[in-house]
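Here's the structure we're looking at; comments come further down.
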Amino acid sequence: TGRTRPERLLQYLQKNGTRGDANNVVDTIDRFCGTVEWAMNVGGEKGKIVDKVVLETNPGTVLELGTYCGYSAVRMGRLLAPGSRLITLEMNPAYAKVAKEVIAFAGLDKQVEVLVGSTTELIPQLKKKLDIDTFDMIFLDHWKQSYLPDTKLLEECGLLRKGTVLLADNVICPGTPDYLQYVRSSPKYLSQHFPSVLEYTNAPDGLEKSVYLG
Ligand SMILES: O=c1[nH]cnc2c(O)c(F)c(-c3ccc(F)cc3)c(-c3ccc(F)cc3)c12
Ligand SMILES: [Mg+2]
């Protein structure tokens, strides 16, 4: 009876999930999206690639652009070492409200912090707001037109360091051609493409991993 899809997703989780079990939260949301209604979480197939990159990078600080219902925040947060922090930015207050409840349900509200606002407004405030100097990993999963300007803003704000890993969702569907061209041609990045499928479908999509070289 939830009025919006995020509310219906949260209600399904509260009814069918195991509180405090982040792995179960990921699986329960995937079951909702696979059997009840599609939602734009990174999903299980691309999620396995996200897991691999997180485990290889072992980031102490992660910045996510685009929280939605908190699925990828939980997916990444469940793999972080104790004391690590994940900051996730969401401009839609209704999405942020659901995400905070999903993250709390998973027991990750100590490691994961949701900030509500636009990336353009929040990114320049992050150093002041948080006692974070640079991020070890960035997950771009918000609006495709914002990937490139926000990456340049992160550079300008000194939030990237030599070795920071940028991982971008949806670089094929719906596609982020200007961002791809930038990270693949700039001498400041070393990029690698991971072909996959659009969440809960068999349509082609992919992730792009780009290491900032400073
Ligand atoms: O906007 C997004 N942010 C983050 N991740 C997304 C994602 O993982 C997606 F799969 C889609 C998607 C792709 C194909 C499709 F048919 C519907 C939605 C979108 C998206 C794209 C265009 C819109 F108008 C609305 C949503 C997003
Ligand atoms: Mg996405």
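Remember, it's 1-based here, ligands and their atoms both numbered in the order they're listed. Computation of the quantities below employed the complete heavy-atom set of this structure, encompassing side-chain atoms and omitting hydrogens, waters and symmetry-equivalent molecules.
- Protein residues having at least one heavy atom under 4.0 Å from any atom of ligand 1 are Trp38, Met40, Asp141, His142, Trp143, Asp169, Asn170, Cys173, Pro174, Leu198, Glu199, listed by chain and number.
- For the pair Arg85 and Asp131, the salt-bridge criterion is met [side-chain N within less than 4.0 Å of a carboxylate O].
- A donor-acceptor contact closer than 3.5 angstrom is absent between the side chains of Arg8 and Tyr12.
- Between Asp109 and Lys100 there is no salt bridge, since no side-chain nitrogen of the basic residue lies less than 4.0 Å from a carboxylate oxygen of the acidic one.
- If you check the side chains of Asp178 and Tyr147, you find no donor sitting under 3.5 Å from an acceptor.
- A cation-pi geometry, defined here as NZ or CZ lying under 6.0 Å from the six-membered ring centre and within 45° of its normal, does not hold between Lys46 and Phe194.
- Residues Val42 and Val102 share a hydrophobic cluster, clusters being chains of Ile/Leu/Val/Met/Phe/Trp/Tyr side chains in contact below 4.5 Å.
- Legend: protein N/O/S atoms lying under 2.8 Å from the Mg ion (ligand 2), waters omitted, number 3.
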Starting from the C-alpha separation in whole Å, work towards a yes-or-no answer on salt bridge (charged side-chain N to carboxylate O under 4.0 Å, His left out) for Glu156 and Lys152. CA-CA 6 Å; Glu156 287 152 20; Lys152 290 180 174 172; over 6 Å; no
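- A salt bridge between Asp133 and Arg161 is absent, with no side-chain N of the basic residue lying under 4.0 Å from a carboxylate O of the acidic one.
- In this structure, Glu56 pairs ionically with Lys209, as a charged nitrogen and a carboxylate oxygen lie closer than 4.0 Å.
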